Amino acid sequence: QVQLVESGGGLVQAGGSLRLSCAASGRTFSRYVMGWFRQAPGKEREFVAAISESGLRTSYAASVKGRFTISRDNAKNTVYLQINSLQPEDTAVYYCAARTGGVLATTTLGWGSWGQGTQVTVSS
């Protein structure tokens with residue numbers, strides 16, 4: 001498994017932007033599909049975005065498509081989530097996750113490694 005540490009969360013006004021980062025340990029980062037999930041208070045953890053091992057394939061939840069961009073830098077063992085046009089409903093703890101097998105899964109099943117999360121709060 002790989003260890004993941006998220007950063008970059010914070011309090012922003014609606015319409016603002018943030019870039020979340022997730023740093024991974026180990027030398028096999030490029031073998032993992034990486035994903036971002038989020039969990040709002042009282043709600044289940046939900047898929048946000050995923051990116052393939054090479055970065056050539058991406059997948060997004062319908063609710064964030066066009067506003068969020070996932071990317072990765074395999075040389076830096078880091079995956080990013082650029083969040084634009086933030087809305088109050090984007091308020092949640094954002095989690096980074098890793099899995100093997102090449103599937104850009106949109107559920108929480110099969111993701112073997114998780115970070116501790118970073119809080120994003122959007123004020124209206």
Side-chain angles (χ1 to χ4, degrees):
Q1 291 188 346
V2 62
Q3 280 70 52
L4 305 171
V5 178
E6 302 96 333
S7 61
L11 173 64
V12 297
Q13 290 188 333
S17 298
L18 282 173
R19 188 175 82 155
L20 307 183
S21 299
C22 172
S25 64
R27 295 177 292 178
T28 60
F29 178 71
S30 62
R31 298 179 185 179
Y32 289 89
V33 171
M34 300 299 297
W36 286 96
F37 290 75
R38 66 185 181 185
Q39 188 165 18
K43 295 188 177 181
E44 293 186 352
R45 192 171 298 189
E46 65 175 2
F47 171 77
V48 173
I51 188 166
S52 63
E53 298 91 329
S54 66
L56 294 179
R57 294 181 295 126
T58 57
S59 177
Y60 295 93
S63 59
V64 307
K65 202 167 187 178
R67 297 189 299 122
F68 290 20
T69 302
I70 188 171
S71 62
R72 66 189 296 162
D73 185 336
N74 286 345
K76 295 183 178 179
N77 283 11
T78 302
V79 61
Y80 305 97
L81 186 69
Q82 178 68 40
I83 309 175
N84 298 327
S85 302
L86 276 159
Q87 304 166 7
E89 51 264 39
D90 294 318
T91 295
V93 177
Y94 283 71
Y95 296 91
C96 175
R99 65 180 293 147
T100 56
V103 178
L104 275 61
T106 59
T107 72
T108 58
L109 297 177
W111 294 86
S113 300
W114 292 86
Q116 83 290 348
T118 186
Q119 177 71 48
V120 172
T121 303
V122 184
S123 63
S124 57

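Computation of the quantities below employed the complete heavy-atom set of this structure, encompassing side-chain atoms and omitting hydrogens, waters and symmetry-equivalent molecules. Owing to the predicted nature of the structure, the values given are computational and were not obtained by experimental measurement.
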_Which heavy atom of Arg72 sits nearest to which heavy atom of Phe29, and what is that distance?_
NH2-O, 2.9 Å

*Is the closest side-chain donor-acceptor distance between Glu6 and Thr118 under 3.5 Å?*
no

*Can you list every pair that meets disulfide bond (SG atoms under 2.5 Å apart) and has a residue in residues 45-124, with sequence neighbours left out?*
Cys22-Cys96

*How many angstroms lie between atom OG1 of Thr58 and atom NZ of Lys65, to the nearest 0.5 angstrom?*
8.0 Å

*Approximate separation, where rounding is to 0.5 Å, of Ile83 CD1 and Arg19 CZ*: 11.5 Å

*If you take all heavy atoms of Ile70 and Gly35, which pair is closest and at what distance?*
CD1-CA, 4.5 Å

*Nearest heavy atoms of Ala49 and Tyr60, plus distance in Å*: CB-CD2, 3.6 Å

*Can you name the closest pair of heavy atoms from Leu81 and Phe68 and give their distance?*
CD2-CD2, 4.1 Å

*asked:* In this structure, would Met34 and Tyr95 fall into the same cluster of hydrophobic residues linked by side-chain contacts under 4.5 Å?
replied: no

With a cut-off of 3.5 Å and sequence neighbours excluded, list every side-chain donor-acceptor pair involving residues 97-108.
residue, atom, partner, partner atom, Å
Arg99, NH1, Leu109, O, 3.0
Thr107, OG1, Leu109, N, 3.3

*Look only at the side chain of Arg57 and the backbone of Ser52, and say whether a donor-acceptor pair between them is shorter than 3.5 Å.*
no

_Spatial distance of atom OG (Ser59) from atom CZ (Phe47) [nearest 0.5 Å]_ = 4.0 Å

*Atom OH in Tyr32, atom CG in Asn74: separation rounded to 0.5 Å?*
12.5 Å

_From CA spacing to verdict: side-chain contact (heavy atoms from CB on, under 4.5 Å), Val122, Glu89_ = CA-CA 8 Å; Val122 184; Glu89 51 264 39; over 6 Å; no

*asked:* Any side-chain to backbone donor/acceptor pair from Tyr80 onto Thr69? Under 3.5 Å, distance only.
replied: no

If you look only at distance, which donor and acceptor atoms sit under 3.5 Å apart when one is on a side chain in residues 9-18 and the other is two or more places apart or in another chain?
residue, atom, partner, partner atom, Å
Ser17, OG, Asn84, OD1, 3.0

*Looking at OG of Ser85 and CZ of Arg67, how far apart are the two atoms once the value is rounded to the nearest 0.5 Å?*
6.5 Å

*asked:* Any non-hydrogen side-chain atom of Val33 less than 4.5 Å from a side-chain atom of Glu53?
replied: yes

*Could you tell me whether Glu46 and Arg38 have a side-chain N and a carboxylate O separated by less than 4.0 Å?*
yes

*Just by distance, do the side chain of Ser25 and the backbone of Gln3 share a donor-acceptor pair under 3.5 Å?*
yes

*asked:* Let me confirm one number: the CH2-CG distance from Trp36 to Leu20, rounded to the nearest 0.5 Å.
replied: 4.5 Å

*Would Trp111 and Phe37 count as a close aromatic pair, with their ring centres under 6.0 Å?*
yes

